[in-house]
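Atoms within each ligand, like the ligands themselves, are counted from 1 in listed order.
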Amino acid sequence: MTKIILITGASAGFGKAIAEKFAAAGWNCIITGRRADRLKALAEELQTQYAIKVLPLVFDVQARKEVFAALENLPEQWRNIDVLVNNAGLALGRDSFENANLDDWDTMIDTNVKGIMYVTKAVLPYMTGRKKGHIINMGSVAGKLVYKEGNGYCASKHAVDALSKAMRIDLLPYRIKVTAIHPGAAETEFSQVRFKGDALKAKQVYDGFTPLYAGDIANITFYCAGLPENICINDLVVTCTAQADAIYIQK
Ligand code: NDP
Ligand code: 8X3
């Protein structure tokens with residue numbers, strides 16, 4: 001039977017690459033994000049290229065009502081979700097605590113933390129009923145270690161780490177796997193978003209070393225999802241070779 005994956009934040013970066021990877025392997029994909037035009041284009045591309053089915057859903061993971069409206073009553077053929085990838089997320093700004101912008105903090109917490117909680121809560125009934133499923137949460141090295149001027153983002157990713165542990169415990173009776181992937185620096189649209197469109201600042205983040213790329217995270221996600229029923233990778237920290245942790249990068 002064809003497997004189904006639901007990926008949040010599939011309009012760019014890791015999420016898009018994950019959709020491409022799983023589609024190429026014959027999975028049907030539910031792709032979500034706020035940018036409808038990008039999701040539509042990706043859906044058309046994947047369906048044409050791989051002869052699989054794609055359901056694009058447009059919603060903001062911060063908006064509780066939108067999340068449940070989009071996910072609660074999925075068409076019958078889309079309900080047996082095998083893998084949920086909670087990937088949608090962002091950083092906004094790199095400022096010291098006293099200078100940080102309150103709206104940036106709100107958006108990061110609402111997206112990275114509450115977004116995962118809402119989406120997971122909406123999708124879980126499709127997994128608990130079948131006692132089957134795999135939740136993959138996109139954390140970060142920023143969820144393992146706090147770095148200078150990373151306050152709000154680091155806090156949000158520490159919360160992803162904690163939520164992943166909490167899910168793993170509470171969902172044991174349902175045999176649902178929970179994997180947290182914690183990437184280091186990866187060149188996607190992440191830094192363009194963080195620095196609010198400042199292309200030079202964004203580019204400088206990756207100057208002087210070879211970072212991770214979206215396809216690397218897609219391959220790792222695919223590996224985690226493909227393991228036998230009795231194996232679950234719980235926690236996976238992955239950096240490029242030039243990076244040791246959230247603080248040390250050899251440039
Ligand atoms: P990108 O900016 O390239 O992609 C982010 C994705 O998240 C987009 O598809 C965006 O879609 C979606 N998204 C953001 N906010 C919302 C929202 N409120 N509602 C719905 N979708 C949203 O970044 P990455 O691919 O790099 O990031 C993906 C995840 O990986 C994030 O959680 C990030 O924190 C994490 N991460 C990234 C690292 C990196 O260095 N790149 C390293 C470690 C972790 P749209 O704008 O269309 O809504
Ligand atoms: C993204 C990587 O190091 O900018 O989570 O926090 S980092």
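Counting protein heavy atoms only, atom 7 (S) of ligand 2 is closest to Y147 OH, 3.7 Å. Protein heavy atom nearest atom 42 (C) of ligand 1, with residue, atom name and distance: G184 O, 3.2 Å. Nearest protein heavy-atom neighbour of atom 2 (C) of ligand 2: S140 OG, 3.9 Å. In this structure, atom 15 (N) of ligand 1 lies nearest to the protein heavy atom R34 NH2, 3.1 Å. From the protein, the heavy atom lying nearest to atom 23 (O) of ligand 1 is T188 OG1, 3.6 Å. The single protein non-hydrogen atom nearest to atom 3 (O) of ligand 1 is E189 N, 3.2 Å, given as residue, atom name and distance. Protein heavy atom in closest approach to atom 4 (O) of ligand 1: A12 CB, 3.8 Å. The protein heavy atom nearest to atom 29 (C) of ligand 1 is N87 O, 3.0 Å. Taking atom 12 (C) of ligand 1 as the reference point, the nearest protein heavy-atom neighbour is G9 CA, 3.5 Å. The protein heavy-atom contact nearest to atom 43 (C) of ligand 1 is P183 O, 3.2 Å.
Taking every heavy atom of D60 and a limit of under 4.0 angstrom, the matching atoms of ligand 1 come to 17 (C), 18 (N), 19 (N). Atoms of ligand 1 found under 4.0 Å from any heavy atom of A185, numbered from 1 in the order shown, are 40 (O). Interface of Y153 with ligand 2, defined as ligand atoms under 4.0 Å from a residue heavy atom, comprises 1 (C), 5 (O), 6 (O). Residue contact check: G13 has heavy atoms under 4.0 Å from atoms 3 (O), 25 (O) of ligand 1. In the vicinity of A10, heavy-atom distances shorter than 4.0 Å reach the ligand 1 atoms 9 (O). Ligand 2 places these atoms under 4.0 Å from at least one heavy atom of A142: 6 (O). Those atoms of ligand 1 that come under 4.0 Å of a heavy atom in Y153, given as number and element, are 33 (C), 34 (O), 36 (N), 44 (C). Close contacts between ligand 1 and M138 involve ligand atoms 29 (C), 30 (O) [criterion: under 4.0 Å to a heavy atom]. Below 4.0 Å from some heavy atom of A186 lie the following atoms of ligand 1, by number and element: 39 (C), 40 (O), 41 (N). Below 4.0 Å from some heavy atom of R194 lie the following atoms of ligand 2, by number and element: 4 (O). Which parts of ligand 1 touch G139 is read off a 4.0 Å heavy-atom cut-off, strictly below it: atoms 43 (C), 44 (C).
Listed for the T32 side chain is no donor-acceptor partner under 3.5 Å among the backbone atoms of L57. In this structure, the side chain of N137 does not engage the main chain of G139 through any donor-acceptor pair within 3.5 Å. No donor-acceptor pair closer than 3.5 Å links the side chain of E187 to the backbone N or O of P211. Side chain of N151 to backbone of D95: a donor-acceptor contact under 3.5 angstrom is found. T8 places a side-chain N or O within 3.5 Å of a backbone atom of A88 that can act as its donor or acceptor partner. Counting only distance, with no hydrogens or angles, the side chain of R130 and the backbone of Y174 share no donor-acceptor pair below 3.5 Å. For the pair Y126 (side chain) and W78 (backbone), a donor-acceptor distance under 3.5 Å is absent. Although no hydrogens or angles enter the test, the distance criterion places a donor-acceptor pair under 3.5 Å between the side chain of N87 and the main chain of G9. Looking only at distances, no side-chain donor or acceptor of Y153 sits under 3.5 Å from a matching main-chain atom of R194. A donor-acceptor distance shorter than 3.5 angstrom exists from the side chain of N28 to the backbone of K53, with no hydrogens or angles considered.
You'll find the side chain of T188 stays beyond 4.5 Å of the side chain of I217, heavy atoms only. Put simply, the side chain of N101 does not reach to within 4.5 Å of the side chain of L92, judged on heavy atoms.
At least one N or O atom of V61, backbone or side chain, sits closer than 3.5 Å to an N or O atom of ligand 1. When only interatomic distances are considered, the shortest N/O to N/O separation between F14 and ligand 1 falls below 3.5 Å. Taking only nitrogen or oxygen atoms, main chain and side chain alike, Q243 does not reach within less than 3.5 Å of ligand 2.
Of the options K165, K144, R168, a side-chain hydrogen bond (donor to acceptor under 3.5 Å, both in side chains) to D235 is made by K144 and by none of the others.
Across the listed options A142, G143, S140, S11, S11 owns the non-hydrogen atom lying nearest to atom 45 (P) of ligand 1. Considering only non-hydrogen atoms, atom 5 (C) of ligand 1 lies nearest to G89 out of C240, G89, A88.
Under a 4.0 Å heavy-atom criterion, K157 is not in contact with ligand 2. Proximity of T8 to ligand 1 is not established, as no heavy-atom distance is less than 4.0 Å.
The residue Y213 has no part lying near ligand 1, judged by heavy-atom distances below 4.0 Å. Proximity of K157 to ligand 1, defined as any heavy-atom pair under 4.0 Å, is confined to the side chain (atoms from C-beta onward).
K157 and N112 form no side-chain donor-acceptor contact under 3.5 Å, judged by distance and modelled atom types alone.
No more than 12 heavy-atom neighbours from other residues, nucleotides or ligands sit within 6.0 angstrom of OH on Y248.
Atom NE2 in H182 sits 8.5 Å away from atom OG in S140 (nearest 0.5 Å).
Remark: aromatic rings of F59 and Y118 are distant, center separation not under 6.0 Å.
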